[in-house]
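Below, chain A is the first sequence line, B the second, and so on; all start at residue 1.
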2 protein chains.
Amino acid sequence: MSTIEQVALLAKVSVATVSRVVNNSAYVSEATRERVEQAIKKLNYQPNALGKLLRKETTSMVLVLLHSVDNPFFATIVQGIEKVAHENDYNVLICNTYGDTEREQHYLKMLRNHLVDGVVFISNTCTSEEINYLNATFPVVQVVEYLTDIDAAHYSIDFYQAGKDLMDILYKNGHRSIGFVHTGSTEIVSSKEKFRAYKDFLKERRLPVITNYPDECLFGYANAKKIAGDLLDKHPKTTAFFATSDLLACGIIDELNFRGKSVPKDAMVVGFDNTSYAYVGKPNITSVELNSFQLGAMAMEYLMSKIKNKPVAHNNKCLIPYQIIERESTKKDSR
Amino acid sequence: MSTIEQVALLAKVSVATVSRVVNNSAYVSEATRERVEQAIKKLNYQPNALGKLLRKETTSMVLVLLHSVDNPFFATIVQGIEKVAHENDYNVLICNTYGDTEREQHYLKMLRNHLVDGVVFISNTCTSEEINYLNATFPVVQVVEYLTDIDAAHYSIDFYQAGKDLMDILYKNGHRSIGFVHTGSTEIVSSKEKFRAYKDFLKERRLPVITNYPDECLFGYANAKKIAGDLLDKHPKTTAFFATSDLLACGIIDELNFRGKSVPKDAMVVGFDNTSYAYVGKPNITSVELNSFQLGAMAMEYLMSKIKNKPVAHNNKCLIPYQIIERESTKKDSR
DNA sequence: AACGGGAATGTAATCGATTACATTCTAAAG
DNA sequence: CTTTAGAATGTAATCGATTACATTCCCGTT
């Protein structure tokens with residue numbers, strides 16, 4: 001690769017002039033500009049960003065850290081982030097952490113080493129201390145999942161209330177034996193709050209808790225199926241399930257069908273996140289729309305303010321409204 | 001943020017010594033090391049990666065460019081890429097291009113500007129010229145989607161043969177009116193090859209072509225539903241559908257059910273990519289497993305060889321075996 | 001005592017850009 | 001014919017690290 005010096009040499013000008021041509025930053029005569037551009041083309045010169053970034057203090061890049069892109073739910077959040085980022089001429093780099101602290105630290109090094117201007121945590125694995133500490137030095141924001149009792153900003157929804165709303169739907173449809181199925185980390189706020197809502201709702205009505213939570217930390221569809229099976233073995237009268245995601249709800253429905261039970265006639269199921277699984281699954285699944293595009297956009301707006309040292313437009317600990325989307329899986333008269 | 005110089009000043013040593021302590025690269029007495037480490041802690045010093053990278057010629061980072069992370073199919077490829085990358089202490093940055101050339105160019109700048117050591121294209125929008133040109137200067141590889149007749153390496157499967165295999169399943173089940181449903185770009189090789197297989201298969205048997213391809217470029221489930229409806233309106237006798245992805249297959253089944261037709265009894269449907277949609281959809285969908293984890297891993301192995309200037313282990317234009325996964329959507333005796 | 005070698009540390013060049021400041025040149029104004 | 005403003009270009013410092021090379025110091029050998 002050629003450098004600015006080689007271009008300068010070929011064009012018989014100083015490096016300063018080449019820089020001026022490249023950045024269009026000051027007076028350059030037409031003739032010289034021509035000559036420099038020729039040289040650039042001839043040498044196929046591409047400015048080394050590192051040299052530039054070392055002088056400038058910003059990189060026009062932000063990092064998005066999430067568990068894994070295999071969850072389409074994250075894609076919508078990312079789109080919201082990207083919308084605002086692109087409006088500000090920022091690039092978005094997405095990294096999978098797989099809930100692995102070490103891996104996350106690896107990527108956070110990019111922040112600490114000034115390779116990116118800020119970080120959006122969609123699901124973080126750091127300690128409160130760590131994130132407080134990062135937040136004190138760098139632009140940082142949490143979206144959807146967040147740690148409470150820390151200084152860092154977050155944008156999310158009231159998972160507790162949404163959980164209660166879902167329980168209410170099942171309850172009003174006459175269900176009294178309601179299972180709770182969860183796979184994945186129990187450390188995250190969404191999971192904790194959903195479970196708390198589930199337990200509180202049952203406690204208020206003196207109904208039994210039927211769940212695997214928080215004993216196991218497994219992932220995905222097949223495990224949801226298995227867990228639903230286990231719960232049904234232990235509590236055969238269970239007629240409704242609260243799944244913490246739409247994909248899990250699909251797994252539960254599969255297991256119910258396998259046991260000759262039809263949804264919603266014999267049992268009802270609710271999911272969460274309103275992903276494509278909610279309408280791909282048959283029957284369609286009642287779910288919660290988080291408005292994740294908006295959440296991503298708001299979080300990025302906050303981050304941009306932080307990066308540009310401008311006052312922040314909205315409250316930096318913000319829970320926005322959600323919507324319950326009722327579908328076939330909780331409709332009495334359906335089918 | 002503090003710099004190496006400030007640390008040196010506080011520890012009363014030269015910057016060279018600080019660098020030696022940080023990198024553990026040469027003799028440093030215990031006492032000095034202690035002092036420097038104290039200073040580092042006190043100032044909360046974090047080395048600026050830019051300074052370092054400017055000297056070194058590598059960044060230990062690669063870029064993965066894909067259409068959008070909303071397709072869970074890509075997640076598996078990325079996992080394969082990450083496995084090999086992490087083995088080599090490389091970080092993986094994922095970027096959405098949304099099929100937008102301008103956006104892609106934005107990210108490719110990172111390659112040209114030496115901010116990353118290489119690029120994996122999962123779906124590229126550049127011209128053959130452009131990619132040839134990049135390939136001549138930088139480590140570059142294509143996986144799953146690729147441009148033919150260029151120098152750049154690719155790792156994929158034989159979409160044409162897989163398409164014929166799927167058609168064969170539908171044909172052997174007695175279907176003679178087979179529709180082809182596609183949404184998204186018709187420019188990509190997978191889409192072209194699947195369609196070519198479809199047409200050739202029908203031509204060989206003098207059967208009618210029933211498709212929207214390549215008139216419309218729409219995306220996703222809802223459009224698949226609509227297109228299936230249109231095709232059924234025009235060709236009511238259509239009894240089988242070749243969908244270019246599992247999600248589309250789900251949409252088609254939805255439309256068929258809506259019209260009172262049951263799958264596989266009244267009509268059969270096949271999908272592609274063997275994503276979670278294939279088993280979340282009811283009935284489960286016959287699909288093609290690309291072994292995308294392996295494809296990702298192989299592509300990354302190639303890229304690492306290129307980056308490290310080592311001989312490449314396997315052929316750099318490689319189509320690996322795929323598997324047809326037959327499920328309920330093409331089983332005659334099912335249900 | 002003189003010497004040699006390795007440990008410990010420092011000095012300064014270097015990576016590839018940007019940019020403040022200096023300098024030269026040109027043309028219009030007085 | 002000077003003066004002068006501003007256009008055009010160059011010189012060199014700078015960003016924050018790494019590292020080749022130089023230097024100093026200490027200790028064991030001869």
Side-chain angles (χ1 to χ4, degrees), chain A residues 1-40 43-61 109-117 137-138, chain B residues 1-40 43-61 109-117 137-138:
Chain A
M1 286 301 320
S2 49
T3 69
I4 198 171
E5 204 156 350
Q6 293 168 27
V7 174
L9 214 66
L10 181 61
K12 295 191 199 306
V13 293
S14 70
V15 290
T17 303
V18 177
S19 177
R20 287 183 190 114
V21 170
V22 171
N23 299 299
N24 233 322
S25 58
Y27 304 111
V28 176
S29 76
E30 226 11 84
T32 314
R33 154 162 279 122
E34 192 83 1
R35 218 151 18 98
V36 171
E37 272 165 358
Q38 291 286 328
I40 287 176
L43 291 175
N44 181 26
Y45 166 69
Q46 298 281 351
N48 182 326
L50 296 171
K52 179 187 229 154
L53 292 179
L54 191 54
R55 286 302 307 263
K56 312 268 187 189
E57 68 283 10
T58 64
T59 63
S60 293
M61 296 193 291
K109 220 177 214 175
M110 294 177 66
L111 179 66
R112 285 194 272 256
N113 294 355
H114 310 274
L115 233 47
V116 295
D117 293 349
T137 326
F138 303 103
Chain B
M1 286 303 316
S2 48
T3 69
I4 197 171
E5 203 156 351
Q6 293 167 28
V7 174
L9 215 65
L10 182 61
K12 296 190 200 305
V13 294
S14 71
V15 291
T17 303
V18 177
S19 177
R20 286 181 192 118
V21 170
V22 171
N23 299 300
N24 234 322
S25 59
Y27 304 112
V28 176
S29 75
E30 222 15 82
T32 314
R33 156 162 278 122
E34 192 85 358
R35 219 151 19 98
V36 171
E37 272 165 359
Q38 291 286 328
I40 287 176
L43 292 175
N44 182 26
Y45 167 68
Q46 298 280 352
N48 182 327
L50 296 171
K52 180 188 230 153
L53 293 178
L54 191 54
R55 285 303 307 260
K56 312 267 185 189
E57 69 282 10
T58 64
T59 63
S60 293
M61 296 193 291
K109 220 177 214 177
M110 293 178 66
L111 178 67
R112 284 193 274 255
N113 293 356
H114 310 274
L115 233 45
V116 295
D117 294 349
T137 325
F138 303 102

Enquirer: Of all the nucleotides listed (dA17(D), dG16(D), dT9(C)), which has the minimum atom distance to the side chain of Thr17(B)?
Expert: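 Looking only at heavy atoms from C-beta outward on Thr17(B), the closest nucleotide is dT9(C).
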Enquirer: Quick one: is Ser19(B) getting a side-chain N or O under 4.0 Å of the dT18(D) phosphate, OP1 or OP2?
Expert: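 For Ser19(B), the contact criterion (side-chain N or O under 4.0 Å from OP1 or OP2 of dT18(D)) is met.
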Enquirer: What integer distance in Å separates Ile40(B):CD1 from dA17(D):P?
Expert: 10 Å
Enquirer: Between Met110(A) and Met61(A), is the side-chain contact (heavy atoms from CB on, under 4.5 Å) condition met? List the steps.
Expert: CA-CA 10 Å; Met110(A) 294 177 66; Met61(A) 296 193 291; over 6 Å; no
Enquirer: Between dT19(D) and Lys56(B), is there an OP1 or OP2 to side-chain N/O distance shorter than 4.0 Å?
Expert: yes
Enquirer: Roughly, in whole Å, what's the span from NZ in Lys52(A) to C1' in dC15(C)?
Expert: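 The answer, rounded to whole Å, is 17 Å.
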Enquirer: Which whole-number value in Å describes the distance from Glu30(B) CD to dA7(C) P?
Expert: 15 Å
Enquirer: Under the side-chain contact (heavy atoms from CB on, under 4.5 Å) criterion, do Val15(A) and Thr3(A) qualify, and how do the steps go?
Expert: CA-CA 10 Å; Val15(A) 290; Thr3(A) 69; over 6 Å; no
Enquirer: Taking the side chain of Ser14(A) as its heavy atoms from C-beta onward, which of dT9(C), dT19(D), dG10(D) lies nearest to it?
Expert: dG10(D)
Enquirer: OP1, OP2 of dT24(C) versus side-chain N and O of Tyr27(A): anything below 4.0 Å?
Expert: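 Answer no for this pair, as no side-chain N or O of Tyr27(A) is under 4.0 Å from OP1 or OP2.
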Enquirer: Quickly work out the Glu5(B) CD to dT14(D) P distance and round it to whole Å.
Expert: 10 Å
Enquirer: Would you mind reporting whether Val36(B) and Arg33(B) have side-chain heavy atoms less than 4.5 Å apart?
Expert: no
Enquirer: Where the side chain of Ala16(B) is defined as all heavy atoms beyond and including C-beta, which of dT19(D), dA8(D), dA17(C) is the nearest nucleotide?
Expert: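 Ranking dT19(D), dA8(D), dA17(C) by closest atom to the Ala16(B) side chain puts dT19(D) first.
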Enquirer: Does Ile4(B) or Val15(A) map to a spot on DNA chain D nearer the 5' end, using the closest nucleotide for each?
Expert: Val15(A)
Enquirer: Calculate the interatomic distance between Asn24(B) atom CG and dT19(D) atom P; express it in whole Å.
Expert: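 Rounding to the nearest Å, CG of Asn24(B) and P of dT19(D) are 13 Å apart.
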Enquirer: Would you kindly give the CG-to-P distance between Asn113(A) and dC15(D), to the nearest whole Å?
Expert: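 After rounding, the reported distance stands at 18 Å.
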Enquirer: Could you go through the side-chain contact (heavy atoms from CB on, under 4.5 Å) check for Val22(B) and Ile40(B) one step at a time?
Expert: CA-CA 9 Å; Val22(B) 171; Ile40(B) 287 176; 3.9 Å; yes
Enquirer: Within the 4.0 Å heavy-atom criterion, would you say Val13(A) contacts the bases, only the backbone, or no part of the nucleic acid?
Expert: sugar-phosphate
Enquirer: Mind checking if Thr32(B) touches a base, just sugar-phosphate, or nothing, with heavy atoms under 4.0 Å?
Expert: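 Sugar-phosphate contact only.
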Enquirer: Kindly say if Thr3(B) contacts the phosphate of dC15(D), meaning a side-chain N or O under 4.0 Å from OP1 or OP2.
Expert: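 Checking dC15(D) against Thr3(B), no side-chain N or O comes under 4.0 Å of OP1 or OP2.
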Enquirer: Rounding to a whole Å, what distance do you find between His114(B):NE2 and dC15(C):P?
Expert: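 It is 14 Å, rounded to the nearest whole Å.
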Enquirer: Go through Leu115(A) and Leu50(B) one step at a time and tell me if the side-chain contact (heavy atoms from CB on, under 4.5 Å) criterion holds.
Expert: CA-CA 7 Å; Leu115(A) 233 47; Leu50(B) 296 171; 3.5 Å; yes
Enquirer: For Asn48(B) and for Arg20(B), locate the closest nucleotide of DNA chain D by heavy-atom distance; then report the residue assigned to the nucleotide nearer the 5' terminus.
Expert: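 Residue closer to the 5' terminus by nearest nucleotide: Asn48(B).
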Enquirer: Over how many whole Å does the gap from Leu54(A) atom CG to dC15(D) atom P extend?
Expert: 9 Å
Enquirer: Check this for me: does the side-chain of Arg55(B) come within 3.5 Å of the base of dG16(C) through a donor and an acceptor?
Expert: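 No such pair is found, so the answer is no.
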